[in-house]
Visitor: 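Below are the structure tokens for one structure; questions will follow.
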Amino acid sequence: MAVDAESPTPSVAAAKLPETSLWANRKCLLICAVVSIANMQYGLDSAVMASLQAMPGFLAVFGHPDPRAAGGYGIDRTFQQLIGSLLTLGAFLSSIFAGLFAHYFGRRPALWLACFLSVLGSAIQIGTVDKGVVYFGRLVLGIGNGFLVTFSNIYCAEAAPAHLRAVMVALFSEWVNIGSIVGAVVTNATQKRLDKACYQIPVGIQFIVPVLLALGLFFVPESPRYLVNKGREAEAREALVRLRGEAWVVGEGEVEWVEMVRGIEEEKRLLRNVGPLDMFRGFFGLHETDAVTGSDLRRTLLCFATIATQTGSGSWFIISYSTYFMVVSGLTVSDAFKYSIMKTCFGLIGVNVGIYTMRHLLGRRGVMMVGTVFQGLCMLAMAIVATTSPGTALARDSLIAFMSLYIFAYNAFVGDASHPVATELVSTRLRSYTVGSAISLGYFLAWLTGFCSPYFINPDALNWGAKYGYIWAASNFICGLFYFLFLPELKGRTLEEIDELFERRVPAWKFKSTETNIMDEAMREVRNRDAQLLGSKTPVELVENRHEKEV
């Protein structure tokens, strides 16, 4: 399957199947939506924790009286750091072992385990007033969240058809923002309560997602690519037919199936033993010269860097501390909660703008480059106004405006595209290992951000306020430079085509224009097989003829 990057290849147009509509793929879309609800837990928790830090009833139990604070209570910096960072530390730990677990047990069992851990972590937090027990509950919940995020995104990437993969993996951002809105609305409704229910109710709503997901998984087939990789081809074919629904046309479905099997079998033939160290072929003395393993290091580094840019964009700072940040910047507690709802609504609008833009206008690479520029300018503007007009109504209003614009931009661009790109970049045989490790790295960086941010924004520490945006503006511009230099465009490619392009060591800027062989080979195999059975024009020839007319 591997050939030189410059060798002549057949026309791309002739090797492409017709793109089916979202309506024809509604069954797959519904299944991916069910699996993606896992990510709502992350949005719920982020909104709830960001709001509790500014809630008087919560601070009366876990904080200390402070007449200078807007609500009459302050929060200890160490407690603030730990409740935010322990969730990401737990997710970091679970993501490290995610690949190993999934390699042996599959995507669905991993998600069921995550549901159990999420329920357990939420229950621990509700039932205690001891800070140490809260820390333990945050850690357990984080372990569950790591599995939820990792495997929901891997599943959607492997289940979706190539031309709709960005849409279905971007359901991650849809559910995160829905969760954020629900969390912001619930905390706003309980913010004035001064009993324990003010925080127990918001934490309690986190039982909803794992219960719904655990039930929904009974109706979801296992990933067909995982099943093929484990040698269970009959189950894999049945799963693929279920996922495609009305979009399974005999000729087109057969070509997709054959392409999937050929790609995975070729990888398994060239490298029989698969392990975590395969991600780093080229390091630690693991020098490999064959095409498959030779591309693994590049794909791993790209996947890691893409996930890392989520933190590099400043999103974890905004997500984790936005409500508290607005309070210490001069807003009343009541106004901060209301603006948090508005901000999350902007995020949901941004997700849908981003999905359309990624599919119809700019593709993955363009969306992410535009996003980093937009996000960096929002952070820079927020910091400049805080520097030139500190403590004024202008600074307060600018903070609200640019934070809302930032949330819109992040969800429309980097937040929307980074997970689809990260899951597409890696091979099927290493996807659970690499994506799990990358998300683990992302959570480590998020933990680092969550741990360090209070030093910059807490009035008892550096008290930078919105001037903290200078750091994140520079970080966004650096991320944009990385996208421009190294990130390939993967729009419209099947996962097996992406494998071929990496095996041929195609440079990032040539991915969009380079032609591939694997689809032609799959069509040829199905044509020959059907010709022997039918002795006449085959469904694949009909597919080719129809597509030629469309072109």
Side-chain angles (χ1 to χ4, degrees), residues 153 157 162-163 165-167 169-170 172-173 176-177 298-319 346-347 349-383 402-426 435 438 441-442 445 449 469-493 498 501-502 506-514:
N153 287 293
H163 64 289
R165 190 166 55 244
V167 174
V169 179
F172 164 85
S173 298
V176 167
N177 279 273
R298 177 189 177 190
R299 301 176 78 168
T300 297
L301 294 178
L302 283 172
C303 180
F304 280 20
T306 300
I307 292 294
T309 58
Q310 292 180 329
T311 303
S313 68
S315 61
W316 281 95
F317 157 61
I318 297 294
I319 290 168
F346 270 106
I349 295 170
V351 168
N352 291 284
V353 170
I355 288 174
Y356 180 86
T357 304
M358 188 162 40
R359 185 181 178 198
H360 297 288
L361 300 177
L362 297 178
R364 279 83 151 145
R365 186 169 179 264
V367 157
M368 295 181 80
M369 287 192 295
V370 169
T372 51
V373 174
F374 199 127
Q375 294 156 198
L377 291 175
C378 287
M379 288 288 194
L380 185 61
M382 186 170 66
F402 286 116
M403 191 177 287
S404 298
L405 286 172
Y406 172 88
I407 289 293
F408 170 85
Y410 174 75
N411 283 281
F413 301 116
V414 174
D416 239 4
S418 53
H419 276 287
V421 170
T423 51
E424 291 170 336
L425 281 168
V426 295
V435 175
L441 171 65
L445 296 174
T449 301
Y470 284 123
I471 292 176
W472 296 114
S475 180
N476 269 287
F477 297 142
I478 292 171
C479 290
L481 183 62
F482 159 74
Y483 296 146
F484 177 75
L485 294 176
F486 301 109
L487 190 68
E489 178 56 72
L490 307 177
K491 178 183 176 183
R493 300 286 193 179
I498 295 170
L501 290 168
F502 274 110
V506 175
W509 58 91
K510 291 186 177 181
F511 260 62
K512 188 174 181 179
S513 59
T514 301

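Nothing fancy with the numbering, it's 1 onward along the sequence. Quantities reported herein were computed from a predicted structural model and do not represent experimental measurements.
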Visitor: side-chain contact (heavy atoms from CB on, under 4.5 Å), that's the test. Do L425 and I498 meet it? Break it down for me.
Guide: CA-CA 7 Å; L425 281 168; I498 295 170; 6.0 Å; no

Visitor: Would you mind listing every salt bridge (Lys or Arg N to Asp or Glu O under 4.0 Å) that reaches into residues 362-374, with sequence neighbours excluded?
Guide: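 Every pair satisfying salt bridge (Lys or Arg N to Asp or Glu O under 4.0 Å) with a residue in residues 362-374: R364-E424.
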
Visitor: Among F484, Y483, F413, find the residue that satisfies the side chain to side chain contact (heavy atoms under 4.5 Å, CB included) test when tested with T372.
Guide: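 Of all the options given, the one that passes is Y483.
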
Visitor: Quick one: OH on Y470 to CE on M382, what's the gap to the nearest 0.5 Å?
Guide: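 Nearest 0.5 Å value for the OH-CE distance: 10.5 Å.
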
Visitor: Show your reasoning for whether ring-ring contact (aromatic ring centres under 6.0 Å, His included) applies to F502 and F511.
Guide: CA-CA 9 Å; F502 274 110; F511 260 62; 5.0 Å; yes

Visitor: Out of curiosity, F346 CZ to I407 CD1, how far, rounded to the nearest 0.5 Å?
Guide: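 Reported to 0.5 Å precision, the distance equals 11.0 Å.
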
Visitor: Please list all pairs passing the ring pair (Phe, Tyr, Trp, His ring centres under 6.0 Å) test where one or both residues lie in residues 361-383, with sequence neighbours left out.
Guide: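 For residues 361-383: none.
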
Visitor: Which heavy-atom pair separates L490 from V421 by the least distance, and what is that distance?
Guide: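 Residues L490 and V421, closest heavy atoms: CD1-O, 4.3 Å.
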
Visitor: Within the side chain of S475, is there an N or O that forms a donor-acceptor pair under 3.5 Å with the backbone of G312?
Guide: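 Yes: the side chain of S475 pairs with the backbone of G312.
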
Visitor: Determine whether a donor-acceptor pair (N or O, by modelled atom type, separation under 3.5 Å) exists between the side chain of N411 and the backbone of G350.
Guide: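 No.
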
Visitor: How close do V414 and T309 get, heavy atom to heavy atom, and via which atoms?
Guide: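 Between these two residues, the closest heavy atoms are CG1-O, 4.4 Å.
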
Visitor: Does F172 have any ring pair (Phe, Tyr, Trp, His ring centres under 6.0 Å) partners at least two apart in sequence or in another chain, and if so, which?
Guide: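 H419.
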
Visitor: Once you round to the nearest 0.5 Å, how far does CZ of F408 lie from CG of N177?
Guide: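 Going from the CZ atom of F408 to the CG atom of N177 covers 11.5 Å.
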
Visitor: How far apart are the closest heavy atoms of A508 and L485, and which atoms are they?
Guide: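 Closest heavy-atom pair between A508 and L485: CB-O, 4.4 Å.
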
Visitor: Over all heavy atoms of both residues, which pair between L377 and F477 is shortest? Give the atoms and the distance, please.
Guide: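 Closest approach of L377 to F477: N-CZ, 4.0 Å.
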
Visitor: Return the orientation label for the Y406 and Y410 ring planes: parallel under 30°, perpendicular over 60°, tilted otherwise.
Guide: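 It falls in the parallel class, under 30°.
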
Visitor: Are Q310 and I307 packed together at the side-chain level, in the sense that at least one heavy-atom pair is separated by less than 4.5 angstrom?
Guide: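 Answer yes - side chains close enough.
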
Visitor: Check whether any side-chain heavy atom of N476 sits under 4.5 Å from a side-chain heavy atom of V373, and report yes or no.
Guide: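 Of all side-chain heavy-atom pairs linking V373 with N476, none is under 4.5 Å.
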
Visitor: Provide the closest heavy-atom pair for S313 versus M379 in the form atom of the first, atom of the second, distance.
Guide: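 Heavy atoms of S313 and M379 come nearest at O-CE, 4.1 Å.
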
